[in-house]
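So the structure is just underneath, and the comments pick up after that.
For reference, positions follow the sequence shown, starting with 1.
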Amino acid sequence: MGNPEHPITKGFTCAKIKKHINRLKSPSRILSPMLKSGKTFKKISWDKALDICSEKISTALKDDPRKMLHIQDHGARGVTKKVTDNFFTSLGCTKTHGSLCDTTGIQACIDDFGALDHNNITDILNSTYIVNFGKDFSSSSIHLSQIIRKAREKNIHVTSIWPGGGDYDKYADKLIRINPGTDRFLGIAIIKCLLENNNLDQSYIDRCTGKDKYFDLVNQSSVTFLSEQCGVSVENIKFLAGIYAKDKVSTILGWGIQRHLTGMETVRHINALSWLSGNVGYTGAGVYFSISSIRNLEFDWIGYKPCHSLLLPVLADEIEQCHPKIKTVWINCSNVVNQAPDSKRLFKTLKNIEFTIVVDAFMTDTAATADLILPCALMWEEDDVMGSCMHDYLQYAKKVFTPPKGCRSDFSIAKELNQRLNTPFSFPKREECFRLSFPELDGGVSFDTFQEKGFVFAGKKEIAFGNGTEHESGLFSLVNTLTSEPEKNPIFPIRLLSLINKDYNHSQIMPEEQTDLPVITINPASLHIKKIDFNKKTFLVSSLGQLEVKTKFDKNLHPDIIIYRKGDWMRYKGGINALIEARLTDSGTGAAYYAQQVRLEN
């Protein structure tokens with residue numbers, strides 16, 4: 001259960017936590033370092049494993065530090081993970097940048113507002129209307145979902161804009177189905193209606209840069225044309241304009257809308273809608289995408305800047321073209337092969353590296369590329385200080401279980417490796433890391449109080465952008481592009497949406513639970529499946545390959561899309577990212593997962 005005193009979590013957790021407890025006890029868990037021997041792995045001691053690591057890394061560092069690549073993502077987060085990451089950065093090795101997750105939306109918000117921020121999440125309950133652009137409350141963000149439930153109990157009207165399917169109706173008073181990836185057209189169509197009815201807020205218009213170009217975009221297209229592009233009726237566009245013409249409208253941005261090719265542009269047009277309608281900067285109004293409460297911690301004491309970096313969403317291509325050539329890889333907190341696009345190519349690329357070290361608890365798709373596997377402790381098996389992606393509270397995550405004999409934390413592994421390498425990097429004791437990172441807070445809350453209570457509010461303000469944006473000028477920066485939709489591909493006519501799995505945190509699925517074929521969902525009335533006999537073997541096919549699948553039907557789903565709940569592994573007949581091309585969103589740093597076109601065949 002969660003902490004019953006925590007203002008957000010309030011003593012309850014999601015189903016994924018129950019699955020994680022089972023992970024800790026899984027019979028498939030790796031409990032000893034494993035060294036590749038021919039086509040299999042053999043158990044070795046920790047001393048021998050760390051000696052091998054030290055030898056391989058020392059050789060790479062003496063030759064050229066850039067020949068070693070360190071990959072660390074967000075399979076686990078916290079202060080100790082930050083210290084571990086910066087230890088490898090201090091070696092001068094090659095790192096990764098960009099994101100498989102939220103970077104596109106973050107950059108959009110920074111470009112518009114000058115910073116990534118939003119009102120205290122509970123301020124949503126002060127709204128009159130909530131408009132949700134694609135957030136699936138039934139599969140993610142259970143604590144935000146509870147806030148939405150409470151909002152509806154208070155008669156706050158919720159409209160969700162979505163591509164159809166799923167359980168969106170449980171969290172909305174009105175559903176509006178949209179063509180996938182076209183929310184930018186809807187955003188500008190609503191603004192056009194507001195403009196025509198003189199319902200934009202002039203005081204907010206006056207506090208913008210790029211006004212002339214933006215309103216040129218607005219005036220170039222008719223509402224009818226924009227309606228055709230996004231698949232939302234003119235009637236529903238006017239309905240949404242009626243909402244935004246009022247005060248106290250909260251806008252929630254789902255992370256899926258940023259995973260299209262034009263994800264950044266889309267987020268910026270929705271931000272513009274909220275700003276120009278005067279629905280930012282006061283209680284009950286604002287845009288909610290994401291914040292990281294770990295931003296409130298102090299990390300100057302471990303600060304290093306990477307000198308050489310590869311772009312994560314196109315990692316296979318980056319490694320293959322890298323100069324100098326990568327010879328050693330260390331991977332922790334990431335099942336990158338499974339989670340990155342073009343998984344099979346990345347698998348082969350990592351297999352061709354001279355020596356790859358993977359820190360993991362299971363034989364994942366990434367661990368299978370390793371020459372040496374180091375078994376790690378998991379969440380609840382070590383203390384850490386954690387943030388959130390939704391609110392400004394910091395959490396002291398206490399150790400609940402003792403890790404199995406043979407498993408060590410990423411922090412302790414890196415610390416022992418550092419001793420062997422004899423670098424100048426300083427590893428304080430674990431609790432000292434927490435104390436050094438703990439910020440000075442209003443009211444003088446001490447670390448000891450935080451540690452005892454388990455959480456603390458670390459934010460500086462309840463309302464974001466109340467005095468203007470965080471740009472030096474204080475002005476909102478308007479986007480100046482509206483990109484056309486790409487031509488439809490007759491060979492691969494269906495858009496693939498690889499959505500989050502409500503039962504598992506990304507690929508953290510135990511091997512013993514992957515015993516069946518992957519399941520896709522499609523509208524039974526889709527014109528793209530008329531020739532498919534679902535009594536025969538059915539394959540999901542892209543330009544990169546195919547997967548055998550089982551099929552479910554949902555008559556509310558958009559007829560031009562297929563939904564695949566991601567996270568299963570290639571090793572067990574799954575792994576949807578093996579079918580998804582490595583393409584970048586318009587931010588240049590994010591993965592355009594939802595740009596993939598597919599077809600079904602027998």
Side-chain angles (χ1 to χ4, degrees), residues 30-73 80-81 83-96 302 304 306-310 315 319-320 322-334 336-337 346-364 366-377 403 405-427:
I30 299 172
L31 303 177
S32 172
M34 308 280 283
L35 182 66
K36 191 72 177 288
S37 178
K39 293 184 179 181
T40 61
F41 287 89
K42 65 178 182 180
K43 295 180 181 179
I44 61 172
S45 69
W46 268 103
D47 276 342
K48 184 173 182 180
L50 290 170
D51 284 343
I52 293 171
C53 293
S54 178
E55 177 196 346
K56 296 294 182 181
I57 293 173
S58 293
T59 300
L61 296 180
K62 288 177 183 177
D63 185 7
D64 187 330
R66 295 174 299 171
K67 292 183 178 180
M68 177 181 168
L69 171 64
H70 175 230
I71 302 170
Q72 177 173 321
D73 210 9
T80 63
K81 304 303 183 293
V83 177
T84 302
D85 188 35
N86 279 41
F87 159 67
F88 283 100
T89 303
S90 74
L91 301 179
C93 62
T94 298
K95 305 282 289 184
T96 63
I302 53 171
Y304 286 87
C307 61
H308 195 221
S309 186
L310 305 183
L315 187 56
I319 291 174
E320 290 168 14
C322 185
H323 181 77
K325 184 178 179 181
I326 300 295
K327 293 190 175 182
T328 306
V329 178
W330 183 291
I331 305 172
N332 65 293
C333 298
S334 177
V336 64
V337 169
L346 182 55
F347 180 91
K348 292 176 182 177
T349 300
L350 290 173
K351 288 282 284 185
N352 288 332
I353 299 292
E354 285 188 14
F355 203 82
T356 298
I357 303 159
V358 176
V359 183
D360 211 324
F362 295 90
M363 187 60 75
T364 62
T366 301
T369 70
D371 297 286
L372 176 62
I373 302 171
L374 305 178
C376 61
K405 185 179 180 180
C407 298
R408 302 185 182 183
S409 69
D410 296 78
F411 183 81
S412 63
I413 294 170
K415 188 173 183 177
E416 290 187 51
L417 179 61
N418 185 48
Q419 290 172 351
R420 280 172 163 78
L421 294 172
N422 194 28
T423 81
F425 189 87
S426 175
F427 268 95

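Side chains of Met363 and Ile373 form a contact here, defined as non-hydrogen atoms less than 4.5 Å apart. Taking the side chain as every heavy atom from C-beta outward, Ile319 and Leu310 approach each other to under 4.5 Å. Contact check for Thr366 versus Ser334: no side-chain heavy atoms found under the 4.5 Å cut-off. When side chains are defined from C-beta on, His308 does not count as touching Asp64, because their heavy atoms never get closer than 4.5 Å.
Shown are Leu346, Thr96, Val329; of these, the side-chain contact (heavy atoms from CB on, under 4.5 Å) with Val336 is made only by Leu346.
Annotation: salt bridge (Lys or Arg N to Asp or Glu O under 4.0 Å) contacts of Lys67 (sequence neighbours excluded): Asp63. Partners of Glu55 under the salt bridge (Lys or Arg N to Asp or Glu O under 4.0 Å) rule, at least two apart in sequence or in another chain, do not exist in this structure. Listed by chain and number, the residues in a ring-ring contact (aromatic ring centres under 6.0 Å, His included) with Phe427 are Phe87, Phe411, Phe425 (sequence neighbours excluded). Every residue two or more places apart in sequence or in another chain that forms a salt bridge (Lys or Arg N to Asp or Glu O under 4.0 Å) with Asp85 is listed here: Lys95. With sequence neighbours excluded, the residues that form a side-chain hydrogen bond (donor to acceptor under 3.5 Å, both in side chains) with Asn332 are His70, Gln72, Asp410. Residues that satisfy the side-chain hydrogen bond (donor to acceptor under 3.5 Å, both in side chains) test with Gln419, not counting sequence neighbours, are absent from this structure. In this structure Leu61 satisfies the side chain to side chain contact (heavy atoms under 4.5 Å, CB included) test together with Ile57, Pro65, Leu91, sequence neighbours excluded. For Ser409, the side-chain hydrogen bond (donor to acceptor under 3.5 Å, both in side chains) partners two or more places apart in sequence, or in a different chain, are Ser412, Arg430. Listed by chain and number, the residues in a side-chain hydrogen bond (donor to acceptor under 3.5 Å, both in side chains) with Ser426 amount to none (sequence neighbours excluded). Listed by chain and number, the residues in a ring-ring contact (aromatic ring centres under 6.0 Å, His included) with Phe362 amount to none (sequence neighbours excluded).
Interatomic distance, SG of Cys376 versus CD1 of Ile413, reported as 6.5 Å (0.5 Å rounding). Rounded to the nearest 0.5 Å, atoms CD (Glu320) and NZ (Lys325) are 10.5 Å apart. Atom OG1 of Thr423 and atom CZ of Phe88 lie 10.5 Å apart (nearest 0.5 Å). One finds the CG atom of Asn418 at 7.0 Å from the OG atom of Ser90 (value rounded to the nearest 0.5 Å). With rounding to the nearest 0.5 angstrom, the CD1 atom of Ile30 is 10.0 Å from the CG atom of Leu374.
In plain terms, the two heavy atoms of Arg420 and Asp47 that are nearest each other are NH2-OD1, 3.3 Å. Heavy atoms only, all atoms of each residue included: Cys322 and Pro324 are closest at SG-O, 3.3 Å.
Judged by distance alone, the side chain of Ser54 and the main-chain N or O of Leu50 form no donor-acceptor pair under 3.5 Å.
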List the atom pairs, donor and acceptor, that lie under 3.5 Å between side-chain atoms in residues 31-45 and the rest of the protein, sequence neighbours left out.
| residue | atom | partner | partner atom | Å |
| --- | --- | --- | --- | --- |
| Ser32 | OG | Ile44 | O | 3.4 |
| Thr40 | OG1 | Ser37 | O | 3.3 |
| Ser45 | OG | Lys48 | N | 3.1 |

All N/O donor-acceptor pairs, side-chain side in residues 351-359, below 3.5 Å, sequence neighbours left out:
| residue | atom | partner | partner atom | Å |
| --- | --- | --- | --- | --- |
| Asn352 | ND2 | Lys348 | O | 3.2 |
| Thr356 | OG1 | Leu350 | O | 3.4 |

